[in-house]
Amino acid sequence: MVTQVDPGDAPARRWVLHVDLDQFIAAVEVLRRPELAGLPVVVGGRGDPTERAVVSTASYEAREHGVHSGMPLRLAARKCPDAVFLPVDAPVYDAASAEVMATLKAVPGAVVQVLGWDEAFVGIETDDPWAVARSIQAAVLERTDLHCSVGVGDSTVRAKIATDFGKPRGVFELTRDNWSEVMGHRPTTALWGVGSRIAARLAAHGIQTVHDLATADEAVLVSEFGPSMGPHYKRLGRGTGTTTVDDTPWVARAHGRETTYQTDLVDPREISDALGLLAEQVVEDIRREERACMRVHLKVRFAPFFTTTRIRKLAEPTFDAAVIAATALDLLVGLGDDRPIRLLGVRAEMVPPEGGYDPPRTVGRGGPPAR
DNA sequence: TCTGGGGTCCTAGGACCC
DNA sequence: TCTGGGGTCCTAGGACCC
């Protein structure tokens, strides 16, 4: 099922809501350890801040000390020595996430597109999207004890961006009526899908703000980013990206495992064993889904920090871990680089289902559950 | 401080075929 | 001797998100 926002001038009746749990992982951990409430909590890796790992989520108390997602745990420990460090416990977050999503799907008339553990789009036809947003917050809190913020928009991009302005525990509305006022003066990185690299390329053409991008010469964007991404970025600048909320169950395109080693790998035997282990994990995962591996992706990070990937299509789709491991090893040897290895990843690109993927590939952010 | 692990999608360019 | 277009398939690499 798909809902479409009315693009015309009539008052919109269909809305896109973006629901985003507040500090989701940290909040779930506090729920099962109430004594942690109000303390700086940092969840990441195996919970040992002396290891090579990064922060998955920090509680607001920890964020006040400058700790944020993606930061190395060691640095987080320096910035906030009193923080409680906890290991990532994915099954617990899966369960909590499922409760949240079930709550959203129970909203009458809602079409729910899951974006990750802690966020989803909700497409809905209503006269009062704020009332729906408030009722969603209340229902989620009642059922899961978790707080969320809601972005209300007339497109997915606007709803998604609106949520940040509502955090924590709030609601914010972003539509074509206030888009320019709220977003126009902000840097292009404020947009969903524009990171530092794209922003730098835009800046080289004098495009600094969202307003600059919205009014940019499309020919310039096409020459810089190509016929597909160029117009896509212009649409982002205007906030008029896709308007559909699609609850088609997501079918993964690929599945992989990667590991950062606590001590760098140098011994060839050790390296080959590591690839074998990763391949076995990948096969176990894809066998569960009954999806054979079609291509092998090798990812390797040499110390100190050079990362590269290699791909090879297999002659035959396979579930054979030995074939996958041997292919990955062959790709690695082909690099002819004997520096110490800090990370290895093996990814299986899987045979597409009959008739291809639905939804098909699209420009911009497609919608996989990111976790 | 020394940078995780899980994903998706786009573009460029070479090889190859007609 | 040099070289047309058009198409597909494949790999490498970049960029982004949570």
Side-chain angles (χ1 to χ4, degrees), chain A residues 20-21 23-25 43-57 66-79 87-88 90 93-94 97 114-120 157 160 163 188-189 191-202 222-233 236 250-262 264 278 281-282 285 294-299 301 303-314 331 334-335 342-350 357 359-371:
Chain A
D20 196 324
L21 280 293
Q23 48 170 11
F24 174 67
I25 292 175
V43 185
R46 293 186 282 195
D48 180 347
T50 67
E51 287 192 349
R52 284 176 181 166
V54 296
V55 176
S56 289
T57 301
V67 178
H68 56 79
S69 302
M71 173 182 283
L73 286 186
R74 282 177 199 169
L75 180 56
R78 282 190 151 207
K79 285 185 175 287
V88 174
Y93 315 142
D94 280 336
S97 176
V114 178
L115 298 180
W117 263 343
D118 62 345
E119 60 173 318
V157 171
K160 165 78 182 170
T163 312
T188 52
T189 48
L191 297 167
W192 186 37
V194 177
S196 62
R197 300 311 191 92
I198 299 297
R201 288 168 70 183
L202 288 169
V222 167
S223 71
E224 177 64 38
F225 298 106
S228 180
M229 295 307 285
H232 171 68
Y233 288 128
L236 269 185
W250 185 255
V251 179
R253 268 76 164 159
H255 180 78
R257 291 294 191 109
E258 64 182 69
T259 301
T260 297
Y261 300 96
Q262 291 301 319
D264 298 343
L278 289 166
Q281 292 173 335
V282 167
D285 295 333
M294 184 175 78
R295 274 184 232 236
V296 174
H297 297 235
L298 169 76
K299 177 173 173 182
R301 175 171 300 159
F305 202 72
F306 172 71
T307 307
T308 190
T309 57
R310 285 292 184 278
I311 306 172
R312 182 171 299 158
K313 189 181 196 311
L314 297 173
L331 288 167
L335 291 171
R342 186 153 293 179
L343 170 150
L344 283 173
V346 174
R347 172 170 301 275
E349 193 175 322
M350 295 180 286
Y357 289 107
R361 295 187 164 214
T362 53
V363 174
R365 279 290 292 161
R371 296 193 226 245

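Within every chain, numbering begins at 1; the chains are lettered A, B, ... in the order of the sequence lines, protein sequences first and strands thereafter.
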Please classify the nucleic acid contact of [X] as base, sugar-phosphate, or nothing, using heavy-atom distances under 4.0 Å.
X	value
G256(A)	sugar-phosphate
A76(A)	nothing
V55(A)	nothing
L21(A)	nothing
R301(A)	sugar-phosphate
L343(A)	sugar-phosphate

Close N or O pairs between protein and nucleotides 13-15 of chain C (under 3.5 Å):
from: dG13(C); atom 1: OP2; to: T308(A); atom 2: OG1; distance (Å): 3.2
from: dG13(C); atom 1: OP2; to: R310(A); atom 2: NH1; distance (Å): 2.4
from: dA15(C); atom 1: OP2; to: R197(A); atom 2: NH1; distance (Å): 2.9

Would you kindly give the CD-to-C1' distance between Q23(A) and dC18(C), to the nearest whole Å?
16 Å
To the nearest Å, give me how far apart CG (L278(A)) and P (dG6(B)) are.
9 Å
Is there a side-chain contact between [X] and the phosphate of [N], meaning an N or O under 4.0 Å from OP1 or OP2?
X	N	answer
R74(A)	dT1(B)	no
R312(A)	dC10(C)	no
K160(A)	dC18(C)	yes
S56(A)	dG5(B)	no
R342(A)	dT3(B)	yes
R52(A)	dG4(B)	no

Euclidean distance, [Y] [atom2] relative to [X] [atom1], rounded to 0.5 Å:
X	Y	atom1	atom2	result
M71(A)	K79(A)	CE	NZ	5.0 Å
R312(A)	M294(A)	CZ	CE	15.0 Å
R295(A)	E349(A)	CZ	CD	4.5 Å
L278(A)	T259(A)	CG	OG1	4.5 Å

Residue list, ring pair (Phe, Tyr, Trp, His ring centres under 6.0 Å) with Y261(A), at least two apart or on another chain
none
Judged by modelled atom types alone, do T308(A) and R310(A) share a side-chain donor-acceptor pair under 3.5 Å?
yes
Pairing pattern in dot-bracket form [Watson-Crick, G-U; both distances under 3.5 Å; | = partner strand] for DNA chain B
....||||||||||||||
Side chain of W192(A) - closest among dG4(B), dC18(C), dT8(B)
dC18(C)
Side chain of H255(A) (C-beta onward), nearest among dT1(B), dC18(C), dG6(B)
dG6(B)
If we check side-chain contact (heavy atoms from CB on, under 4.5 Å) with I25(A), which of these qualifies: T57(A), V88(A), V55(A), D118(A)?
T57(A)
Taking all non-hydrogen atoms of both residues, which atom of S97(A) and which atom of G116(A) are closest, and how far apart?
OG-O, 4.2 Å
